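What follows is a short report on a single structure.
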Amino acid sequence: MKKYKIAVLKGDGIGPEIVSEATKVLSKTAEEFGFDVEYQQALIGGAAIDETGCPLPQETIDICKGADSVLLGAVGGYKWDTLPGAERPEVGLLAIRKALGLYANLRPAVIFEPLKSASPLKEEIIGESLDIMVVRELTGGIYFGERGTNEEDGIISAYDTERYSVPEIERIAKTAFEMARKRNKKLCSVDKANVLDSSRLWRKTVERIAKDYPEVELSHMYVDNCAMQLVRNPSQFDVIVTSNMFGDILSDEASMISGSIGMLASASLNESGSGLYEPIHGSAPDIAGQNSANPLATILSVAMMLRYSLGEPKAAERIEKAVVTALKQARTADIATKETNIKKVTCSEMGDLVTSLI
Ligand code: NAD
């Protein structure tokens, strides 16, 4: 029997609650699809600081590197808010991304049919359905470029540098084309090529890679127009590929269209294919320990893991279908509805319901 080793980093706040529900669903899915899962727990964030004094202990890095994939809850909380910047739980997040070489961030923005009314957009703008994948470059660009603060003649100035190399652009472009090939075969590359040299190189390189993917329809869009189009006519998009900073902003904008932070999964991929999967929300310390969090973003992160790292697309689909069915029967507090035929449930009850629908 195939066996997958999954590193499980529950983290802080609601992290342990939501991850427990996601692994419950994964174990049932494994049973149904005839594979085995071995979980290895490891510390990150505040929990790791309390235990070891460090937000990302070496042992956690070793466990993640030895695993087929990594599932992360969330980190951070009031208890560690007064620590100096470099010692905070969130440092563990940046460090694990770096340690695992996670260069591509995949952020789906999906509207689930039963939750259409939760979107801030009008139904006529959303259309039939909405399913966008934002592919963001994660290890290059302005967040990692040369920076500094100078003072000359009494005037202080600061600068950051947007720099991209051809291999960096090629790598993320290939990831995005592969993604588009498996979806609706439409890729929109977003840049600011009317102003920036780095964007002109980005566009030229993406166009060259496009020749290897003739079945994918490639378009280009300036980032300011894309920000507008996402709320004007979001269903024109299938896959969007963009740089680190533009992706940071556009993926948040795209995800808000779906209307609920507790529903959104994400994946960060590396060249080994193992990847790290996590909900986009934080540790929600305001509701931690109450068994009221929405576990669906983490459950959907497990579906992404099955599809993109473990090569089990049918199992992924089963989980996604179970989530849609569950939404028609029950809701956690954050997405509760007045409809009387839909029950209000706790975090673990939602996990049990999805598990029972696998
Ligand atoms: P947050 O995402 O944790 O919470 C924002 C709001 O959304 C809160 O009201 C919270 O209760 C609610 N919420 C979030 N997830 C939910 C869920 N699954 N179900 C129901 N409600 C949910 O963001 P924040 O409050 O800005 O940050 C809290 C902590 O999380 C901070 O320490 C922050 O640094 C950290 N954080 C971590 C990550 C991460 O681990 N990837 C990401 C963002 C923030």
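When a ligand or atom number is given, it counts from 1 through the structure's own listing order. Note that this is a predicted model, so its numbers are computed, not measured. For the numbers below, each heavy atom of this structure counts, side chains included, while hydrogens, waters and symmetry mates do not. We number each residue from 1, following the sequence as shown.
- Near Ala74, meaning under 4.0 Å from any of its heavy atoms, are these atoms of ligand 1: 40 (O).
- Closer than 4.0 Å to atom 3 (O) of ligand 1 lies at least one heavy atom of the protein.
- Within a 6.0 Å radius of CZ in Arg163, no more than 12 heavy atoms belonging to other residues, nucleotides or ligands are found.
- Between the side chains of Ser157 and Asn150, not a single donor N or O lies within less than 3.5 Å of an accepting N or O.
- Thr175 and Tyr103 share a donor-acceptor pair across their side chains, judged by distance under 3.5 Å alone.
- Residue-ligand proximity, Glu90 to ligand 1, at heavy-atom distances under 4.0 Å covers atoms 31 (C), 32 (O), 33 (C), 34 (O), 35 (C).
- No more than 12 heavy atoms of other residues, nucleotides or ligands lie within 6.0 Å of CD in Glu59, so this atom counts as exposed by the packing criterion.
- Inspection of the Ser69 and Tyr308 side chains reveals no N or O donor paired with an N or O acceptor under 3.5 Å.
- Remark: side-chain polar atoms of Glu312 are not paired, donor with acceptor, to backbone N or O of Leu306 under 3.5 angstrom.
- More than 12 heavy atoms of other shown residues, nucleotides or ligands fall within 6.0 angstrom of atom CD in Glu38.
- Per-atom contact check: atom 6 (C) of ligand 1 does not touch the protein, criterion being a heavy-atom distance below 4.0 Å.
- With atom 44 (C) of ligand 1 as the reference point, the heavy atom nearest to it among Ala297, Ser266, Gly282 is part of Gly282.
- Contacts with ligand 1 closer than 4.0 Å are made by heavy atoms of both the backbone and the side chain of Val75.
- The contact set between ligand 1 and Gly77, taken as ligand atoms under 4.0 Å from a residue heavy atom, comprises 32 (O).
- When heavy-atom distances to ligand 1 are checked against a 4.0 Å cut-off, Ser292 has no atom that comes that close, whether in backbone or side chain.
- Note that CE of Met263 is 10.5 Å distant from OG1 of Thr298, once rounded to the nearest 0.5 Å.
- The minimum heavy-atom distance between Lys192 and Tyr222, with the atom names listed, is CA-CD2, 4.3 Å.
- With Lys116 contributing its side chain and Ser129 its backbone, the two residues share no donor-acceptor pair below 3.5 Å.
- Of all atoms in ligand 1, listed by their number and element, those nearer than 4.0 Å to a heavy atom of Glu278 are 41 (N).
- Remark: atom 40 (O) of ligand 1 lies closer than 4.0 Å to at least one protein heavy atom.
- The option from Ile335, Thr332, Ile14, Leu72 that lies nearest to atom 16 (C) of ligand 1, judged by heavy atoms, is Ile14.
- For atom 26 (O) of ligand 1, no protein heavy-atom neighbour is present inside the 4.0 Å cut-off.
- Counting heavy atoms closer than 4.0 Å to ligand 1, residue Asn294 contributes atoms from both its backbone and its side chain.
- When non-hydrogen atoms are compared, ligand 1 lies under 4.0 Å from the backbone of His281 as well as from its side chain.
- Residue-ligand proximity: Ile18 is placed with every non-hydrogen atom at 4.0 Å or more from ligand 1.
- Every atom of ligand 1 with a heavy atom of Ile287 under 4.0 Å away is listed here by number and element: 11 (O), 20 (C), 21 (N).
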